[in-house]
Amino acid sequence: MKFFEIVYTMVSKIPSGRVATYGQIARMVGNPRASRAVGYALHVNPMPGAVPCHRVVNREGRLAPAFAFGGTDAQRQLLEAEGIAVSEDGYVDMKRYQWDGKTEEVRRFKKGEAPQETAQKEE
DNA sequence: AAAGTGACGTCCG
DNA sequence: GCGGACGCCACTT
C-alpha cells in the first residue's frame, strides 16, 4: 500500500457533512509531518467522486486556495451542499465540522496498515 | 541524477 | 505568541 493510496482511502472515508485536515490524515497514515504530501496527493489525483477532496481543509479551516474548476468557490458549494457552513473567505467552522476519524472502517484500517508500536513488516 | 516545488503542519528559537 | 526552518512524498526541470 502506497502512501498516496492510504491518503485516498482515508479521505474517501470522511463522512458527509464533516471535514478533515491534512495533518489529521497525515497522522492517520503514520506520518504526522506528511501533511504536505497529503495535500499533494489530493492535488495530483483528485479522484472525482471517489475522493471528496473538498472535505479536506487546512488547519485553519480554510479551503484549498487553488481548488480545481473555480477554486474555493466550487469547494464551498460542495461543502454547503452537505450542510457545512462556509464563510465568504472560504473558512469552515472546524470545532463544529472537524471529522473525528473514529469510523469503524478507519479504525480497522489503521490497525492493519499503520503499525505504530508493534513490529511492522515491510513488503 | 540532483535539486526544486507544492492543496500543510510541527518543531525550534 | 510569532517567525523561521525542516519534514513528508511524488513529480518536474
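Protein chains get the first letters and strands the later ones, always in sequence-line order, with residue 1 at the start of each. Fair warning: this is a prediction, and the values are worked out from it, not measured in the lab.
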Which atom names give the shortest non-hydrogen contact between A/Val57 and A/Met94, and what distance separates them? CG2-SD, 3.6 Å
When rounded to the nearest 0.5 Å, the distance separating CG of A/Leu79 from CG of A/Leu63 is 5.5 Å
N/O donor-acceptor pair under 3.5 Å between A/Arg55 side chain and A/Ile14 backbone: yes
Short N/O separations, protein against nucleotides 10-13 of chain B, under 3.5 angstrom:
from: B/dT10; atom 1: OP1; to: A/Arg27; atom 2: NH2; distance (Å): 2.7

Nearest-nucleotide check on DNA chain B, A/Tyr40 vs A/Thr21; residue mapping nearer the 5' end is A/Tyr40
For a 4.0 angstrom threshold against heavy atoms of chain A, report the outermost contacting nucleotides of DNA chain C in 5' to 3' order. C/dG7 to C/dC11
Determine the interatomic distance between P on C/dC6 and the same-named atom on B/dG4; round to the nearest Å. 12 Å
Chi angles and distances behind the salt bridge (Lys or Arg N to Asp or Glu O under 4.0 Å) call for A/Glu104, A/Arg107: CA-CA 5 Å; A/Glu104 279 294 327; A/Arg107 202 184 304 178; 3.6 Å; yes
Modelled atom types, side-chain donor and acceptor of A/His54 and A/Glu82, under 3.5 Å: yes
Give, ordered by number, those residues of residues 76-87 of chain A having at least one heavy-atom distance below 4.0 Å to an atom of DNA chain B; if nothing qualifies, reply none. none
Mind checking whether A/Val7 and A/Val29 have side chains closer than 4.5 Å, heavy atoms only? yes
Between the NZ atom in A/Lys13 and the CD atom in A/Glu105, the distance rounded to the nearest 0.5 Å is 5.0 Å
Students often mix this up, so state it plainly: with edges at 30° and 60°, are the rings of A/Tyr40 and A/His43 parallel, tilted or perpendicular? tilted
Per nearest nucleotide of DNA chain C, the residue lying toward the 5' end, A/Ser35 or A/Phe4, is A/Ser35
Gap between atoms CZ and P, on A/Arg36 and B/dG9 respectively (whole Å): 12 Å
Rounded to the nearest 0.5 Å, what separates atom SG in A/Cys53 from atom CE in A/Met47? 10.5 Å
Backbone of A/Ala64 reached by a side-chain donor or acceptor of A/Thr72 within 3.5 Å: yes
Roughly how many Å apart are B/dT5 and C/dA5, using the C1' atom of each and rounding to a whole number? 16 Å
With side chains defined as the heavy atoms from C-beta onward, is the minimum distance between A/Tyr22 and A/Asn58 less than 4.5 Å? yes
Contact class for A/Phe3 vs. all strands (heavy atom < 4.0 Å): base, sugar-phosphate, or nothing? sugar-phosphate
